[in-house]
Amino acid sequence: MTKSDANWHILGAGAIGSLWASYAYKAGRAMPLILKDNESLKQYQTQGGLLFESAAGGAEMLPLPVCIAAQLNQSISHLLVCTKAQHTEAAITAIADKIEDDAYIVLLQNGLGVAEKLRQQFPKARLLQASTTEGAFRKDRFHIVHAGRGETFFGPHRSTQDLSPDEITQLASALSPAPLQVTATENIEKILWRKLAVNCAINPLTVKYRCRNGELLDNPAALQEMATLVDEIVLLSKALGRESWVEKLLEQVHQVAANTALNRSSMLQDIEAGRDTEISFITGYLLKKASSIGIELTVNESLFHQFDK
Ligand SMILES: NC(=O)C1=CN([C@@H]2O[C@H](COP(=O)(O)OP(=O)(O)OC[C@H]3O[C@@H](n4cnc5c(N)ncnc54)[C@H](OP(=O)(O)O)[C@@H]3O)[C@@H](O)[C@H]2O)C=CC1
Ligand SMILES: CC(C)(CO)C(=O)C(=O)O
């Protein structure tokens, strides 16, 4: 049975991982951050902590506990994973020998497909998934800004069937240092699918047109493509028996683009910084699902291939 004061670790000390670690620290429930390598550790130690800034401004230095894989001297029973989807396998493999067989592993990230890979690697783990609309970004490697408040939902992955309501409540409480609030849902897959759909309809287009989210709405060609992307996603969702998961999807996509009009999407930011993107776990995941049931999603596919270059 889990406990709200259980010994949590966070993998992925970026914007989201550091956000959770910062509020946990402020709440007196430190969750050590597992850093990628020795070089990150040295940089963190030289800085003397993590600079945390709220939307209102005013940075404070927080001496969050951190470590690298080689320094883990106890096994991990509770792990919050906040790496980007494409880095998760490598990150978790580096600490795999420290993760208890029946550990609680909560994946807090965008994209789909990682949980299935982890299930193979950790057949007995209690695997959960989470989705957040909290907004955070890094001004520097260990300087984060909590830019906007949002909601966070979590629930067991479909391969995890033995969690009691008590366990879910305790996990939610442990992952909710104020003001963060994690709410349990019975169908996290639906929330993640819808989030994936919105990302498929916005992010690759912002890369194609090298524009902010809101500019897509003023570009007739992009608007037309957005509508076709959504039609393709609805077609696939219907074929998968998930029609009710994508109700009013185009409306929501327009709303998200309008609400985040000034944002450069995470994918565009990655491209502009010369980093790899989450495309294989967003549009790539959608295309794999489609191909497994013999459906072609032409416009999604052509946008996916712009990342080949
Ligand atoms: N930021 C946001 O507002 C939101 C983000 N999300 C999603 O949350 C997830 C995390 O995003 P975000 O925090 O922004 O991403 P970041 O890139 O800021 O953070 C990812 C972190 O993972 C670390 N990492 C990469 N490889 C390894 C490794 N092998 N071992 C240990 N750590 C590793 C990176 O280290 P390094 O920097 O040293 O490479 C980085 O600190 C993504 O799926 C994103 O789409 C969802 C909603 C909002
Ligand atoms: C909702 C959106 C498109 C906001 O920028 C996003 O999730 C992202 O950039 O990845």
Side-chain angles (χ1 to χ4, degrees), residues 9-22 33-44 50 55 66-70 72 79-96 106-114 129-153 180 191-192 194-207 211-216 226 252-271 273 275-283:
H9 284 75
I10 298 179
L11 183 62
I16 291 292
S18 302
L19 185 70
W20 253 262
S22 297
L33 279 163
I34 305 171
L35 305 184
K36 188 163 75 176
D37 50 27
N38 217 16
E39 186 248 313
S40 310
L41 180 64
K42 281 201 183 121
Q43 194 179 337
Y44 180 84
L50 179 112
V66 300
C67 65
I68 52 171
L72 283 166
L79 183 66
L80 179 63
V81 179
C82 303
T83 44
K84 292 248 170 103
Q86 71 275 19
H87 301 140
T88 304
E89 204 175 354
I92 213 159
T93 298
I95 57 166
V106 181
L107 279 180
L108 173 51
Q109 59 185 197
N110 285 342
L112 285 170
V114 173
Q129 290 170 290
S131 179
T132 190
T133 54
E134 295 285 350
F137 66 90
R138 290 200 278 183
K139 267 194 178 168
D140 210 338
R141 197 169 201 176
F142 295 112
H143 181 171
I144 64 148
V145 181
H146 188 188
R149 290 305 321 278
E151 295 178 297
T152 308
F153 291 95
L180 302 176
I191 291 175
L192 289 165
R194 213 170 160 99
K195 172 78 178 144
L196 182 100
V198 170
N199 286 134
C200 284
I202 295 180
N203 297 27
L205 283 178
T206 63
V207 172
C211 69
R212 294 178 192 269
N213 297 351
E215 289 171 314
L216 294 174
M226 191 183 264
Q252 191 188 347
V253 169
H254 284 180
Q255 196 60 58
V256 171
N259 291 348
T260 61
L262 296 179
N263 277 23
R264 304 181 93 74
S265 76
S266 55
M267 215 171 258
L268 179 58
Q269 287 181 46
D270 284 339
I271 289 284
R275 298 185 294 254
D276 52 356
T277 72
E278 292 187 298
I279 191 72
S280 298
F281 296 85
I282 295 182
T283 306

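Start at 1 and go down the list; that is how both ligands and their atoms are numbered. The shown structure was predicted, so the numbers you read here are calculated from the model rather than taken from an experiment.
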Tightest non-hydrogen contact, residues Gly14 and Ile144, listed as O-CG2, 4.2 Å
For Leu19 and His146, the nearest pair of non-hydrogen atoms, with its separation, is CD1-CG, 3.4 Å
For [atom], what's the nearest protein heavy atom and its distance?
atom	result
atom 3 (C) of ligand 2	Asn203 OD1, 3.3 Å
atom 1 (C) of ligand 2	Val256 CG1, 3.6 Å
atom 5 (O) of ligand 2	Asn213 ND2, 2.9 Å
atom 38 (O) of ligand 1	Arg141 NH2, 2.9 Å
atom 3 (O) of ligand 1	Ala136 N, 2.9 Å
atom 2 (C) of ligand 2	Asn199 ND2, 4.1 Å
atom 9 (O) of ligand 2	Ser266 N, 2.8 Å
atom 15 (O) of ligand 1	Lys84 CE, 3.5 Å
atom 6 (N) of ligand 1	Asn110 ND2, 3.8 Å
atom 47 (C) of ligand 1	Thr132 O, 3.4 Å

Can an N or O of [X] be found at a distance shorter than 3.5 Å from an N or O of ligand 1?
X	answer
Leu11	no
Ser266	no
Ile16	yes

Honestly, for Ala147 the part within reach of ligand 1 (heavy atoms, under 4.0 Å) is neither
Atom indices of ligand 1, in the order listed, that fall short of 4.0 Å to a heavy atom of [X]:
X	answer
Ala13	41 (O)
Gly135	3 (O)
Cys82	10 (C), 20 (C)

- Message: Would Gly111 count as a contact residue for ligand 1, given that I'm defining contact as a non-hydrogen atom of the residue lying under 4.0 Å from a ligand atom?
- Response: no
Pick from [options]: the one approaching [atom] most closely through a non-hydrogen atom:
atom	options	answer
atom 37 (O) of ligand 1	Gln269, Glu39, Glu278, Arg138	Arg138
atom 31 (C) of ligand 1	Met267, His87, Lys36	Lys36
atom 30 (N) of ligand 1	Gly17, Ala91, Gly14	Ala91
atom 48 (C) of ligand 1	Glu134, Gln109, Gln86	Glu134

CG of Asn38 to CD1 of Ile68, rounded to nearest 0.5 Å, is 4.5 Å
dist Arg138:CZ -> Ile16:CD1 (nearest 0.5 Å) comes out at 11.0 Å
[X] versus ligand 2: do any nitrogen or oxygen atoms come within less than 3.5 Å of each other?
X	value
Asn263	yes
Thr260	no
Asn110	no

Return yes when Arg264 approaches ligand 2 closer than 4.0 angstrom through a heavy atom, no otherwise. no
Test item: protein heavy atom less than 4.0 Å from atom 42 (C) of ligand 1: yes
Going by the 4.0 angstrom heavy-atom rule, the piece of Lys195 near ligand 2 is side chain
For Ser265, the ligand 2 atoms with a heavy-atom partner under 4.0 Å come out as 5 (O), 9 (O)
Is there side-chain contact between Val66 and Leu50, with at least one heavy-atom pair below 4.5 Å? no
